[in-house]
Amino acid sequence: MDKNKGFFESVYDVVELIPHGRVTSYGAIAKYLGSGGAARMVGWAMNACHSSEKNIPAHRVVNRLGMLSGKSHFGHPDIMQRLLENEGLTIFNDQIQNFEKFFWDPAKEL
DNA sequence: AGTCTGACTAGTA
DNA sequence: CTACTAGCCAGAC
């Protein structure tokens, strides 16, 4: 990875690579970045995604259960679910249905 | 330089 | 089943 880039930039870079209609988990990204179980860092980077000029599809990043844990950070809790549904995903009770089917692992796909 | 925090995860009770 | 604990690590104070 480019060490000139901060941890955030690295996370954004991976998140931007998530294919349309796919999702991944914080842990998967953390692992890909070599941070191991530092899934918190990924979520934290997302919390600061507003600092990036890029359009970060943070709605495609959820916890390992496919639950929309970060929906509250989108300005309004419904935005995240709405974006995911717009990409063909099904959300029920704040949880992605068939999550395994739509899961995208950067460590494997890249 | 030390302490606190967090959109997580895995393990234990 | 739910509740709680500990580990994780980079950035803000």
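The model shown is predicted, which means the values in this text are computed figures rather than measured ones. Naming: A, B, ... by sequence-line order, numbering from 1 per chain.
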Using atom [atom1] of [X] as one end and atom [atom2] of [N] as the other, report the distance to the nearest whole Å.
X        : N      : atom1 : atom2 : answer
A/Asn63  : B/dT9  : CG    : C1'   : 9 Å
A/Phe8   : C/dA12 : CZ    : C1'   : 9 Å
A/Phe74  : B/dA7  : CZ    : P     : 13 Å
A/Tyr32  : C/dC8  : OH    : P     : 23 Å
A/Phe7   : C/dA10 : CZ    : P     : 7 Å
A/Met80  : B/dA7  : CE    : C1'   : 8 Å
A/Asp105 : B/dT9  : CG    : P     : 12 Å
A/Gln95  : B/dA7  : CD    : C1'   : 16 Å

(request) List for me each residue that meets salt bridge (charged side-chain N to carboxylate O under 4.0 Å, His left out) alongside A/Glu85, sequence neighbours excluded, and say none if there are none. (result)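 So A/Glu85 forms no salt bridge (charged side-chain N to carboxylate O under 4.0 Å, His left out) with any residue.
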
(request) Treating Ile, Leu, Val, Met, Phe, Trp and Tyr as nodes and any side-chain heavy-atom pair under 4.5 angstrom as an edge, say whether A/Val62 and A/Leu17 lie in one connected cluster. (result)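 No; tracing contacts between hydrophobic side chains, which count when under 4.5 Å, never links both residues.
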
Which of the following nucleotides, [options], is nearest to the side chain of [X]?
X       : options              : answer
A/Trp44 : C/dA10, B/dA7, C/dC8 : C/dA10
A/Ala38 : B/dA7, B/dT9, C/dC8  : C/dC8
A/Ala58 : C/dC9, B/dT9, B/dA7  : B/dA7
A/Ser25 : B/dT9, C/dC8, C/dG11 : B/dT9

Donor-acceptor contacts under 3.5 Å from residues 64-73 of chain A side chains, at least two apart:
| residue | atom | partner | partner atom | Å |
| --- | --- | --- | --- | --- |
| A/Lys71 | NZ | A/Asp94 | OD1 | 3.1 |
| A/Lys71 | NZ | A/Asp94 | OD2 | 2.8 |

With 3.5 Å as the limit, what N/O pairs link the protein to nucleotides 10-13 of chain B?
| residue | atom | partner | partner atom | Å |
| --- | --- | --- | --- | --- |
| B/dA10 | OP2 | A/Arg64 | NE | 2.6 |

(message) Tell me the closest heavy-atom pair linking A/Ala58 and A/Val15, and the distance in Å.
(response)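 Result for this residue pair: N-CG1, 4.3 Å.
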
(request) Provide the closest heavy-atom pair for A/Asp105 versus A/Thr24 in the form atom of the first, atom of the second, distance. (result)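 Closest heavy-atom pair between A/Asp105 and A/Thr24: CA-OG1, 4.4 Å.
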
(request) Please list every stem that involves DNA chain B, where a stem is a run of 3 or more consecutive Watson-Crick or G-U wobble pairs with both pairing distances under 3.5 Å. (result)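 So far as stems of 3 or more pairs are concerned, DNA chain B shows B:2-6 with C:9-13, B:8-13 with C:2-7.
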
(message) Can you tell me how far apart OG (A/Ser25) and CH2 (A/Trp104) are? Round to the nearest 0.5 Å.
(response)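 Here the interatomic distance stands at 11.0 Å.
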
(request) Report the residues that fulfil side chain to side chain contact (heavy atoms under 4.5 Å, CB included) with A/Leu83, sequence neighbours left out, ordered by chain and then residue number. (result)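 Side chain to side chain contact (heavy atoms under 4.5 Å, CB included) check on A/Leu83 returns A/His59, A/Ile79.
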
(message) Over all strands shown, is A/Asn47 touching base, sugar-phosphate only, or nothing at heavy-atom distances under 4.0 angstrom?
(response)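 Base: the residue A/Asn47, judged by heavy atoms under 4.0 Å, touches a nucleobase.
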
(message) Would A/Glu87 and A/Arg22 count as a salt bridge (Lys or Arg N to Asp or Glu O under 4.0 Å) here? Give the steps.
(response) CA-CA 8 Å; A/Glu87 298 193 359; A/Arg22 295 296 196 95; over 6 Å; no

(request) Just jot down the ring-ring contact (aromatic ring centres under 6.0 Å, His included) partners of A/Trp44, sequence neighbours excluded, or say none. (result)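 Testing A/Trp44 for ring-ring contact (aromatic ring centres under 6.0 Å, His included), a comparison that skips the adjacent residues, returns A/Phe8.
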
